[in-house]
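All remarks here apply to the structure that follows.
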Amino acid sequence: MGACAVTDHGSLFGAVDFYRTCRECGVKPIIGCEVYVANRTRHDRTPRVDDDPYHLVLLAENQQGYKNLLRLSSIGYTEGFYYKPRVDKELLSAHSGGLIALSACLSGEVSVHIARGQAEAAERAAAEYRDIFGPASFFLEVQANGIREQERVNREMTAMGARMGIPLVATNDVHYLRREDARAHDVLLCIQTGASVDDPGRMRFPTDQFYLKSPDEMYQEFPEMPEVCAETARIAERCNVEMDFSTLHIPEFAPPEGESLDSYLRRVCMEGAARRFGLIPDAVRARLDYELDVIARMGYSGYFLIVWDFIRYAKSQGIYVGPGRGSGPGSLAAYCLGITDIDPLRYNLLFERFLNPERVTMPDFDIDFCWERRGEVIDYVTRKYGADRVAQIITFGTMAARAAIRDVGRALKVSYGDVDRIAKLVPAELNMTIDRALEMSPELAAAVAENERIRMMVDVARAVEGMPRHPSVHAAGVVISKEPLTEHVPLYKSGDGVVTTQYPMEDLERLGIVKMDFLGLRTLTVIGNTVEIVRHTRGEELDIGSIPLDDSEVYEMLRRADSAGVFQLESSLFQNLLREVKPTRFEDIIALIALGRPGPMVMTGDFVRGKHDQASVAYLHPALKRILEPTYGVMLYQEQVMQAASELAGFSLGEADMLRRAMGKKKPEVIAGLKDRFLDGARERGVPDDVAAEVFSLIERFAGYGFNKAHSAAYALISYQTAYLRCHYFPEFMAATLTSVMSAPERVAVYIDSCRCRGVEVLGPDANESLKGFTVRGDTIRFGIAAVRNVGEAAADAIITARKAGGGFTSLSDFCDRVDMTAVSRKALDSLIRCGAFSAFGSRRALLAVMDQVCDASAARQRQQQSGQASFFDLFDRPAQFGQAEVTLPSVPEFRPDQILAMEKELLGLYISGHPLAFLSDTIGKLSTVAVRDLPGVPDGASVTLAGVVAGRKQISTKTGQPMAFVQIEDMTGQAEVVVFPRVYEQYAQLLAPDAPVTVRGRVDVKEDGVKVLADTVSVLSTS
Ligand SMILES: [Zn+2]
């Protein structure tokens, strides 16, 4: 087959991928689109009139046609979307150049009229398309899909073509590659429409003919009219589109009058250098000259200025910007411009790691912004460069192996138990495929071999796995273009109105569209909020950018692994690293960030030994000593690999970067060539041959593991800043941290626990005291209103607004009268009463008893107010109070303490007014060897005794039908999962009743998804 066309419905999502794949296989790619043509205009959206648009196939004959496709498909989404992206005839007329149009399938306008027996309307439509695209570029389609209806349409098309002189063309709607894929495609349709294969009346394709037919097969389908197939080939011949993968489209930055981009960049860099360094040292000047020279030579001055500009904007608006990420902090120019906040000279970071003059690639700054205000920066860029030149980026979720099995199983009506069992046999690893799973899991292979239905499910799942599913908006990427984006890429509009490209990130890079990463980082929001709270509580202006990096109390806190809430260093993995490494300086934190990654982790042992016994570290060469001293002799960073090659063998840093890359990607031929260069260079510099060879193999060994120090250093700075705030402004920092995880009760519980450890009391929510998020008063933290389950931010806002306007609430009635109760649901009010937010007004039980009465009365008053009578009440200051009858609270006893605790647990995620285990706490302390909170620090396999109550139990059956259980044991510090295998369970099941106090002896089992205890024995926890 010489050529092949892609004509997705309404979109061009796959065009670049298709183009490249065809080219790689020596097939000519034809870029097309089966557009939806609105029944009336693209602006009409009347149900049942406009919701079934016609199909029309458009093929790009040349570059102009391709650009018109980009525009049409984009406008379909941005202007014409109504269930489908629709264009209309006005648009088609305006953008018909370079396009070949085919009348499409049975849903094409001409076919629909034919099928309805409206011959005249069919002719009118055909004539209209012929006029739009020109007589040489409009064709009537005949298809070969085995549908009876189609045969009638083919006959009529043939007659019409002859009558009107419109040529015919043979096509086939291809929805899957091979005929045998029809079944998998059918299941996929079921998955997409939420149906199962047995559903009567579900959407399905009538035949199995929608596959890619060979030219021979096509000729056989139309034995009487070979010319229609010849026409297909002629059209393919006419279509010639080239995608340009070699031009960079850097957006335009306008420098001030009289300046070029290069000169302006130099000026702002020098000004920045003076701000950063005062009197500019020679080394800084020399490095800056070098960098600016490379940047100008590669044509990236404009790019740097654009990034500089929007970061400057963000900072001017008080939006927190991260200190950098990725390899960007290697650039001194970026540091002077305020794009990054790490001095690369001080930490030996290399410009070539970011922008290698010997490898032409696009520079790429990844920037973190305050999570909540990231959108403001994107808005700014959109205003500055034009809404038609800025868009976010699309990303496609794909169906992973397990999800494919589950979805296919559901569609095939395999029993839930079987689907679940088979899906779980697929190992939970990244990039797992069904083929790999079959190799790795003998159980899965056996299950497939044994059962026909399961085999079919797995087969179909294998055919659909990896297929793209829903498009969504990329978390960070934003593209900025010099010309309107639709000159280069098609646009998509997501359900919530965000405009994205139709091409994903990798395609955009190939097309030379500049993308920037605007990542939202919650930690920056936490830092910003902490600074804000400190301003309120202590009247202190804290400048997080100028805190000392050698504060001994901060390091002391970190050495205790007291790090809940500290950026990157709070997981149990990092807590262990903190205990081992015992950091004493900022370089140690940079190293920690790197050591916590799967690759570099292998160097932890050497690093720790070197750190604690520096005399024992031997260096192969004095030059290496300088390079490796910050990491105690370990080659931890990619930058160290590059420096070693440069200083010992005279490599330029650009070449050294190539060496590092080759080693990282394990390319033996490249490495062998560079090894000779290395040894020769070392000899010239007087390094003995054996030492040079040894250094080279050292480099080779570590190059694959090495981590990017620029990234480590920037993230270490955020870690340090959060540690500093935690150390010196504990309540404020924890309040900000708690607010940032407000919607995740389990994380709230963890942080509150660490507050209590430090003696900081956490008070429950209070209708008169709480703000939306967590707040600080003195040494206590007050629960936020929006952190209560069932109470959203809108409700919290309404409550705070009313309080600001009219002062504190005096009763539940007063509250309901003054708060906009349309924002506060009954369920929210119920939750607020139960968790104690109104306890100042009466007992929870009494308030609940009158809640409905109070709400109804208030609602009636508010309605009255809004109706005509309001004008009279408006004369008074506080109309709501006029005529208000206070509801009397019934005298009923309050809930029991254990009931109140249960409510708190449910609504706040933790106990506030006490702890159900309080009376057991002494006993628990005596009998247990470890508190639940500390389990993550216990090594795998260690024996432990837990003491607490049974908070939950899930009994299951093993494959052989024996009962076993997963039991939650709770103590004062949290809940732990205990696995009770059949033999143990048989013996102790009756002790593991809900709320029973027990001790469990067992072994610790550390897995990726958490720490469990495998029970050996269980006994009753006796308080005597
Ligand atoms: Zn169609």
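- No side-chain donor-acceptor contact under 3.5 Å links Asp262 and Tyr300.
- The closest side-chain donor-acceptor pair between Glu639 and Asn348, if any, does not fall under 3.5 angstrom.
- A donor-acceptor contact closer than 3.5 angstrom is absent between the side chains of Tyr320 and Glu372.
- In terms of heavy atoms, Phe351 sits closest to Arg287 at N-NH2, 3.4 Å.
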- Task: Give the intermediate values and the outcome of side chain to side chain contact (heavy atoms under 4.5 Å, CB included) for residues Ile718 and Leu521.
- Result: CA-CA 11 Å; Ile718 309 181; Leu521 188 61; 3.9 Å; yes

- Message: Set out, in order, the CA-CA distance, both residues' side-chain angles and the distance that settles side chain to side chain contact (heavy atoms under 4.5 Å, CB included) for Leu653 and Arg353, then state yes or no.
- Response: CA-CA 8 Å; Leu653 286 166; Arg353 177 68 188 76; over 6 Å; no

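- There is no side-chain donor-acceptor pair under 3.5 Å between Thr604 and Glu580.
- Using bins of under 30°, 30° to 60° and over 60° for the plane-to-plane angle, the ring pair Phe707/His711 lands in the perpendicular bin.
- Phe310 pairs with exactly one of Phe365, Tyr380, Phe518 by the ring pair (Phe, Tyr, Trp, His ring centres under 6.0 Å) rule, that one being Phe518.
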- Query: Would Arg275 and Glu271 count as a salt bridge (Lys or Arg N to Asp or Glu O under 4.0 Å) if you check the C-alpha gap in whole Å, the side-chain angles of each, and the deciding distance to 0.1 Å?
  - Reply: CA-CA 6 Å; Arg275 252 195 317 277; Glu271 285 166 9; 5.4 Å; no

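- Lys611 and Thr584 share a donor-acceptor pair across their side chains, judged by distance under 3.5 Å alone.
- In terms of heavy-atom proximity, His474 sits nearest to Gln392 at O-OE1, 4.2 Å.
- Applying the 6.0 Å contact sphere to CZ of Phe586 captures more than 12 heavy atoms from other residues, nucleotides or ligands.
- In the model, Tyr632 has a side-chain atom that pairs as donor or acceptor with a side-chain atom of Asp588 under 3.5 Å.
- The number of heavy-atom neighbours closer than 6.0 Å to NZ of Lys315, taken from other residues, nucleotides and ligands shown, is above 12.
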- Task: Evaluate the criterion side chain to side chain contact (heavy atoms under 4.5 Å, CB included) for residue pair Tyr385 and Val381; output intermediate values, then yes/no.
- Result: CA-CA 6 Å; Tyr385 299 96; Val381 170; 3.7 Å; yes

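- Relative orientation of the Tyr555 and Tyr720 rings is tilted, given thresholds of 30° and 60° on the angle between their planes.
- Heavy-atom neighbours of Asp940 CG from other residues, nucleotides or ligands within 6.0 Å: above the threshold of 12.
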